[in-house]
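This report concerns only the one structure given below.
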Amino acid sequence: MVTGAGDGIGRVTAHTLAARGATVILLGRTVSKLESLYDEIHSSDAPEPGIVPMDLMNTSEDKINEMANAIGEQYGRLDGILHNASILGTRLPFANSDLNEWREVMQVNFMAPVMLTRLLLPLVERSNDASIVFTSSSVGNKPRAYWSAYAVSKYALEGLALLLADELENTSAIRINIVNPAATRTAMRAAAYPAEDPMTVKTAEELMPLYLYLLGNRHGGEHGELFDPRTWEPPKR
Ligand code: NAP
């Protein structure tokens with residue numbers, strides 16, 4: 001499952017996983033984007049993807065349980081979750097920040113991954129080689145002035161990932177890791193740095209060796225680690 005599959009890094013990852021033979025469940029909020037991605041994947045030789053239209057801002061335990069039941073019936077298990085969907089919110093001094101925006105950003109970027117992971121865990125436990133990847137940010141590892149709820153949501157997300165990694169270390173084969181994609185040419189990056197020339201920023205495609213390594217079956221068993229494409233090198237085999 002890839003959340004926020006309709007655009008940006010999520011879209012490229014869904015394509016890449018499908019091209020490598022994965023049956024990808026595309027979760028996102030804009031149905032037209034999911035449908036065009038579905039058509040692109042379905043018209044290739046890749047396995048038919050699944051579509052889950054879900055606005056993570058307004059989701060609920062009932063909606064996620066309904067989805068989990070449907071996934072269980074159709075696919076039997078989940079081999080991986082990429083928690084990728086996220087909103088940026090407004091960057092401004094804390095003293096001027098809007099409390100409703102805090103709630104929204106924390107819901108999409110943090111509470112939704114909590115809810116999805118908690119309720120999908122039984123399906124992930126049915127896999128014998130599962131991976132859950134949480135997408136953070138440089139400002140999540142070390143919150144930076146004015147990055148407001150976005151930074152704090154990612155900091156909390158890293159906390160969740162480390163908590164789960166510690167809990168599951170000796171009781172499960174599920175690998176839990178964090179990725180900080182760092183500057184990547186997407187709509188979110190353009191919104192965060194409007195004066196930047198996008199051509200100076202790496203593409204989402206350039207992240208794919210790392211994402212495939214973490215989500216695929218040729219990993220090295222890494223667990224509880226933070227990955228950054230600027231320092232990561234594929235292991236020599
Ligand atoms: P993006 O282009 O803005 O894509 C974000 C995706 O999340 C979109 O598909 C969006 O759906 C989806 N999404 C947003 N709100 C949602 C909601 N309420 N419910 C369901 N889906 C929702 O962002 P990106 O740059 O690819 O970012 C991907 C991840 O990398 C994010 O976690 C981001 O924080 C992280 N990251 C990115 C960068 C970077 O430079 N790009 C750097 C560090 C970290 P719609 O298409 O329908 O809007």
State, to 0.1 Å, how close [X] and [Y] come at their nearest heavy-atom pair, and which atoms those are.
{"X": "A149", "Y": "M106", "result": "O-SD, 4.1 Å"}
{"X": "L160", "Y": "V114", "result": "CD2-CG2, 3.8 Å"}
{"X": "A46", "Y": "A18", "result": "CB-O, 3.3 Å"}
{"X": "R77", "Y": "S127", "result": "CD-CA, 3.9 Å"}
{"X": "P229", "Y": "P181", "result": "CG-O, 3.2 Å"}
{"X": "E40", "Y": "S43", "result": "O-OG, 3.0 Å"}

* Please report the C-alpha distance between H219 and S131 in whole Å, then the side-chain angles of each, then the deciding distance to 0.1 Å, and finally whether the side-chain contact (heavy atoms from CB on, under 4.5 Å) criterion is met. => CA-CA 10 Å; H219 55 83; S131 167; over 6 Å; no

* Any cation-pi pair here, R189 with Y193, using under 6.0 Å and within 45°? ->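 R189 over Y193 ring: yes.
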
* Evaluate the side-chain contact (heavy atoms from CB on, under 4.5 Å) criterion for residues S172 and H223: first the C-alpha distance (whole Å), next the side-chain angles of each, then the deciding distance (0.1 Å), finally the verdict. => CA-CA 11 Å; S172 153; H223 179 70; over 6 Å; no

* For the residue pair S32 and E35, confirm or rule out a side-chain donor-acceptor distance under 3.5 Å. =>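 No, no side-chain donor-acceptor pair sits under 3.5 Å.
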
* Asked: With distance as the sole criterion, is a donor-acceptor pair present between the side chains of R144 and S137 under 3.5 Å?
  ->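 Distance-only check fails for R144 and S137.
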
Please report the interatomic distance [atom1]([X]) to [atom2]([Y]), rounded to the nearest 0.5 Å.
{"X": "L121", "Y": "L116", "atom1": "CG", "atom2": "CG", "result": "11.5 Å"}
{"X": "R29", "Y": "M57", "atom1": "CZ", "atom2": "CE", "result": "7.0 Å"}
{"X": "I178", "Y": "L157", "atom1": "CD1", "atom2": "CG", "result": "7.5 Å"}
{"X": "E196", "Y": "R185", "atom1": "CD", "atom2": "CZ", "result": "10.0 Å"}
{"X": "I176", "Y": "I132", "atom1": "CD1", "atom2": "CD1", "result": "4.0 Å"}
{"X": "S153", "Y": "E158", "atom1": "OG", "atom2": "CD", "result": "10.5 Å"}

Could you check whether any side-chain heavy atom of [X] comes within less than 4.5 Å of a side-chain heavy atom of [Y], counting everything from C-beta outward?
{"X": "V152", "Y": "F110", "answer": "no"}
{"X": "D129", "Y": "D79", "answer": "no"}
{"X": "F94", "Y": "S148", "answer": "no"}
{"X": "T135", "Y": "Y211", "answer": "yes"}
{"X": "I41", "Y": "H15", "answer": "yes"}
{"X": "T13", "Y": "V24", "answer": "no"}
{"X": "Q107", "Y": "M115", "answer": "yes"}
{"X": "L215", "Y": "L82", "answer": "yes"}

Donor-acceptor contact below 3.5 Å, side chain [X] vs main chain [Y]:
{"X": "R20", "Y": "G216", "result": "no"}
{"X": "E206", "Y": "T203", "result": "yes"}
{"X": "T3", "Y": "N84", "result": "yes"}
{"X": "K202", "Y": "R230", "result": "no"}
{"X": "S136", "Y": "N180", "result": "no"}

* To do: Could you please spell out the steps behind the side-chain contact (heavy atoms from CB on, under 4.5 Å) verdict for M188 and Y150?
  => CA-CA 12 Å; M188 184 183 285; Y150 178 84; 3.9 Å; yes

* Taking Y213 as the fixed residue, which of R218, E222, M208 is the one that meets the side chain to side chain contact (heavy atoms under 4.5 Å, CB included) rule? ->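 Passing option: E222.
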
Heavy atoms from other residues, nucleotides or ligands near [atom1] of [X] exceed 12 (cutoff 6.0 Å):
{"X": "E66", "atom1": "CD", "value": "no"}
{"X": "Y75", "atom1": "OH", "value": "yes"}
{"X": "N100", "atom1": "CG", "value": "yes"}

* To do: Apply side-chain hydrogen bond (donor to acceptor under 3.5 Å, both in side chains) to the pair T117 and H83, showing each step before the final yes or no.
  => CA-CA 9 Å; T117 307; H83 290 291; 2.8 Å; yes

Check whether [X] and [Y] end up in the same hydrophobic cluster, where Ile, Leu, Val, Met, Phe, Trp and Tyr are linked by side-chain heavy atoms less than 4.5 Å apart.
{"X": "L26", "Y": "I9", "value": "yes"}
{"X": "L210", "Y": "L212", "value": "yes"}
{"X": "V12", "Y": "L34", "value": "yes"}
{"X": "I81", "Y": "L168", "value": "yes"}
{"X": "I174", "Y": "F134", "value": "yes"}

* To do: Would you please test I25 and M67 for side-chain contact (heavy atoms from CB on, under 4.5 Å) and show each step?
  => CA-CA 11 Å; I25 298 172; M67 170 184 75; 5.9 Å; no

